[in-house]
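I have placed the structure first, in the form of structure tokens, so that the comments after it can refer back to it.
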Amino acid sequence: MTATIDEPGVAASTDGQPALTVRNLWKVFGPRADKIVGSPDADLSRSELLAKTGCTTAVRDVSFDVAPGEVFVVMGLSGSGKSTLVRCLTRLIEPTVGQVTIDGEDVVAMSETRLRELRRHHVSMVFQHFGLLPHRKVIDNVAYGLEVRGVSKSERRSRAQDMVDLVGLSGNENAYPDQLSGGMQQRVGLARALAVDPSVLLFDEPFSALDPLIRRDMQNEVIRLHHEVGKTMVFITHDLAEALKLGDRILIMRDGALVQMGTPAEVVGAPADEYVRDFVSEVPRSHVLNLSWVMRPPRVDESMTGPEMAPNTIVRDAARRVIDSADPVRVVENGQLLGVVDQDDILRVIVAEETPS
Amino acid sequence: MTIELAELEHHLEEAPGHPEERTNRRRWMALGIVLIVWAVLAKLLQGRNTQDLPNAELTGFQQWLSDLFGNVQEAKFNGSLLLQPFVWISDTLNWVVTTLQQIFVSDPDRALDTAQIGWLGVVALVVLVAYALSGVRIAILSLVTILAVGYLGYWEDSIDTLIITGVSVTICVLLGIPLAILMFRSSRASAAITPVLDAMQTMPSFAYLAPFALLFGIGNAGAVMVTLVYALPPLVRITAHALGTVSPTTVEATASMGSTSRQLLAKVQLPMSRRTIIVGLNQTVMAALSMAVIAAFIAGPGLGLPIVRALNALNIGVAFVAGMCLVILAILLDRAAVRAGQRAEMTARSGSSERQRWIVLGVLAVVTLGCIIASRSKLRWSIFPESDIGQQIATRVNDWTKAFTDAAGSLTEWVNDTATVWVLNPLEDLMANSPWWLVALAILAIAALLGGAGHGERARVISGAALCTAAVLAAGYYAAQVPDVAWIPYWLVVAALLAVGSYLGAAEALLPTAVCLTLIFGVGLWQDSMVTLSMTLVATSAVMFFGVVVGTWMGRSHRVDSAVRPVLDLLQTMPSLVYLIPALALFPPGKFLAVAAAVLYASPVAIKIAADGIRSVAPTTIEAAQAIGSNRWQMISKVQLPMSKGSMVLAANQGMLFVLSMVVIGALVGGGSLGYLVITGFSQDGFFGKGLAAGIAITALGIMLDRITVHTAARYGRAERA
């Protein structure tokens, strides 16, 4: 396999400075938590640490970069520390140790005032349970961020109306949150986050409280919005399908620590350990892997007249043409032959799914 | 296989070897032994060492308090710098209340007989305000109510009561909301303020009167201050609680948008807790109304005066009419507050019906202005017309009561005599007419057995408890003998014994009980306190009987609940003084009457808590017990009652505090003991000190009963969790 695996910790599209960097971030809850990091106790398991010191490590030495415009997904089961991690990014929870940089500025070192500026202008967040103000109309909920910034009423109303339209809630601007369905409430949460025109959007399991069908709609909505507004997004979820669907890259957490970080294809194609393998075992690999994962060097006797395809074509999308073609498909990038894929290679991926390894 | 295993475990639990079970059984046995020993010794030593103090006598301490009263008055008169703040506050409050009276109350008996606004104007204003705040239905209700109290003959008194209540509630809001915000923001402030609120709520209302009369004088200022103290805690508590329970997600979400803490408070936390804050405000208004009439004992103006006067003269008819005015005012205020809360929510949301409302408001305002001008121009629009409806009703009620006592008097008398002879007197003999040391030791033992003596090392707890007991006995010895020693060092030693006892490990129910008993000995009112305590215990037993029976009935059936609850709500809105009136109609004056009024007053709250306890038993548990085939009685006795034990003890706690505050007010109709001393403290020259001492004793009793039940509840809670 000669897949182009990115170095861990380096953004996918590296055009200069990353939008967000996190270095060696720790969050320990409990008495005298700051003394734990760097001491031998830090290596203890969670239950041992709790028994010995009364502290719990929620985030353990996590580092990553997010490129501008990237959708970066943090995935893990409940209790894995992912929600704590995302709260540390804007210090809704104070990190114990570590460095967080947003747009080149050190968040951990910020003063209260500067931090408030950051929250008002640069980063906004969407919450699992929406966190809307029940006593305000939709439009005033959306305008809240502009209001605390001190924007005049007419200006923030018109901006908020644009956002309400953008998330598809036109006509509901004068409703109250409790008159809306869960999915619509989360659209309000989304509009509220977008209204301040942030450079980074944080999502904390935004769709976990929604019905499966609504959830799918909302995921598509996020994809659409990402195309339209192109924000950097950090997306927390416990749902692997959601992570694979939305993420440019995925960070998998377990017990507060980073287990694996990579593109969806890397996570599915090359699980870092048993834990991840177990996680991704149910995923249809053909929906995630692209041709660069299944291609092989051409054999000498092979025909070189088959159709050309790009290496990032998903297996599922390529399958019909590969199977229809009598000759192996050539995987070509920038005019250079990377490898070939024939019917056997494709079938191996699709059939392997039905007989779990 | 699994069934066998479960059975095995069940047997293990039932086995006498189970530690929790064993200590429980031991505790109950010890309690039984204490009671038997107490009863036998009390019988043998009946009437000895009872520390009885004739009503006309004062101990040295009480004399000192009486002198203090005189000295404080004199110092105020001479402009003592230390008392200046109190003088300033009472002058301000007096000025505010007098000014409002001059604006609103036209009273032919007063020097300035016509007010700025005559009755017609006042009626129009009340309707306008009611409409603006609570809508058209409350506006009509307010019109009917305010005219009714006028035609019943209590116009001036009712407006006075509304003024005292209004001024107190306004101050409550101005002080209470910032205080609640402070408590919510700073855990240190919360830790400092909470015990003060606890004390304010545990103190029976009668106990406030004397100290506030001392500091702020009798009359308007004193009335506003006692009302304020009594009404403030619910608002502060509920507001702080409401702020603390605003959805954390919303707070986090708005914080993540970069809100300052002030923006968070003004735009998120206060608006989101508005509904709960209005509930607190409602409770504060009702408490203020209830206390504003009790303030009649320190010459506060209002409806309390005619009620107290009529009760004193045993004139049920007049008391009934004045009490009825009070009750309909209470209902009006309660309804108006509830409706205002709902309305605030609605008007914030609806935009369209607003215009119509403004038009009506404008018309009403013009009409009101016309009424005010009219009421200033003609005497008959200014002074409420004479009407004898009230007197007619009073006469009729007196006739009915007489007819009733003639017909059923033998029955109620029999109830009265039986309860007095068989329950009240024996208990009084046990507690008040047996040696003080025996009763004190018994109370300490019961407190320790029920509520615990402390935790930690056994030896330390025992020695701490011993020191506390020694302190109580030393205090009682001093009160009984007044030994020839300087009193300051003596009491310092007693205090030191308590302090060391607490340092060593005496805690839980024992320590506060010891402190309170010491206080009661210290103020020299042991026997009276024990009489009051015995009445309180009898009434509380009755309250708990009703609480458990009716509470279980309500808790098990939604239909019963929805039928009974409104009645209980109505009973709870009634000011405490009103409860004496029906009791007086039924029973001859005396201790039993006070007990009966206390039972009436305290039952609703106990029933509600008990019902909520039964209701809160998990439905899955009920379902499981049903599936196993429990019948109704088994369900009640084996599942629902045991699982709501904590609520039952809480019901007893609340019931007991309500009973205590009513038992002392019952002195007005022959209840005697501590309440009687409080009343004579205000009415007889030179007895102020004894009244103040009685107030301290009442407070001590209240705190003692509260601590014992709270710690008992905590123990049960622990047993339930274990």
Side-chain angles (χ1 to χ4, degrees), chain A residues 83 86-87 89-93 110 112-137 140-150 174-179 185-186 188-189 192-196 198 200-206 209, chain B residues 133 177 180-181 184-188 238-239 241-281 338-355:
Chain A
S83 286
V86 75
R87 278 167 178 72
L89 299 184
T90 57
R91 281 170 55 194
L92 287 172
I93 294 176
M110 279 181 182
E112 271 300 306
T113 327
R114 187 74 199 91
L115 180 65
R116 203 174 297 132
E117 285 303 301
L118 175 89
R119 290 176 182 174
R120 284 180 180 181
H121 295 275
H122 298 290
V123 187
S124 52
M125 189 154 167
V126 180
F127 294 83
Q128 178 178 8
H129 296 294
F130 322 139
L132 302 178
L133 297 170
H135 58 284
R136 287 174 168 230
K137 294 172 187 172
D140 293 322
N141 261 296
V142 175
Y144 184 85
L146 300 166
E147 184 180 334
V148 296
R149 236 193 233 181
N174 288 322
Y176 283 85
D178 57 9
Q179 298 166 330
Q185 288 190 38
Q186 194 56 294
V188 178
R192 174 176 66 183
L194 287 168
V196 296
V200 178
L201 269 172
L202 308 177
F203 294 83
D204 179 31
E205 299 205 40
Chain B
L133 291 179
I177 302 280
I181 291 172
F184 161 67
R185 287 230 174 138
S186 140
S187 56
R188 207 175 301 166
I238 294 179
T239 304
H241 170 79
L243 290 174
T245 47
V246 166
S247 148
T249 319
T250 310
V251 172
E252 192 178 43
T254 40
S256 84
M257 314 287 299
S259 310
T260 60
S261 61
R262 183 174 301 203
Q263 284 171 331
L264 209 59
L265 192 66
K267 291 173 194 286
V268 183
Q269 284 150 341
L270 279 176
M272 280 181 75
S273 38
R274 182 173 54 195
R275 203 180 298 185
T276 320
I277 292 176
I278 288 176
V279 170
L281 188 63
V338 170
R339 190 73 194 123
Q342 294 167 345
R343 243 193 112 71
E345 202 83 0
M346 266 165 43
T347 46
R349 290 202 168 194
S350 67
S352 52
S353 66
E354 278 305 86
R355 237 178 88 198

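Below, all heavy atoms of this structure are taken into account, side chains as well, without hydrogens, waters or symmetry copies. Letters A, B, ... mirror the listed sequences (proteins, then strands); counts begin at 1. What you are looking at is a predicted structure, and each value in this text was computed from that prediction instead of being measured.
- The main-chain N or O of Thr250(B) is never found under 3.5 Å from a side-chain atom of His129(A) such that the two would form a donor-acceptor pair.
- Near-neighbour residues of residues 252-260 of chain B relative to chain A, defined by a heavy atom under 4.5 Å from a heavy atom of that chain, comprise Glu252(B), Ala253(B), Thr254(B), Ala255(B), Ser256(B), Met257(B), Gly258(B), Ser259(B), Thr260(B).
- Annotation: salt bridge (charged side-chain N to carboxylate O under 4.0 Å, His left out) contacts involving residues 125-135 of chain A, sequence neighbours excluded, are absent.
- Considering every non-hydrogen atom in both Lys267(B) and His135(A), the closest pair reads O-NE2, 3.0 Å.
- The residue among Met125(A), Glu112(A), Gln128(A), Arg87(A) with the most heavy atom pairs within less than 4.5 Å of chain B is Arg87(A).
- Shown here are the side-chain contact (heavy atoms from CB on, under 4.5 Å) partners of Val251(B), two or more places apart in sequence or in another chain: Val246(B), Leu264(B), Gln269(B).
- Atom CZ of Arg275(B) has 12 or fewer neighbouring heavy atoms from other residues, nucleotides or ligands inside a 6.0 Å radius.
- Ranked by heavy-atom pairs under 4.5 Å with chain B, the list Gly145(A), Pro134(A), Ser124(A) is led by Pro134(A).
- When heavy atoms are compared at a cutoff of 4.5 Å, Val123(A) approaches chain B solely by way of its backbone atoms N, CA, C and O.
- Taking the ring-ring contact (aromatic ring centres under 6.0 Å, His included) definition, one finds that Phe127(A) meets it with nothing, sequence neighbours left out.
- The number of heavy-atom neighbours closer than 6.0 Å to NE2 of His121(A), taken from other residues, nucleotides and ligands shown, is above 12.
- In terms of heavy-atom pairs under 4.5 angstrom with chain B, the leader among Leu132(A), Leu118(A), Val196(A) is Leu132(A).
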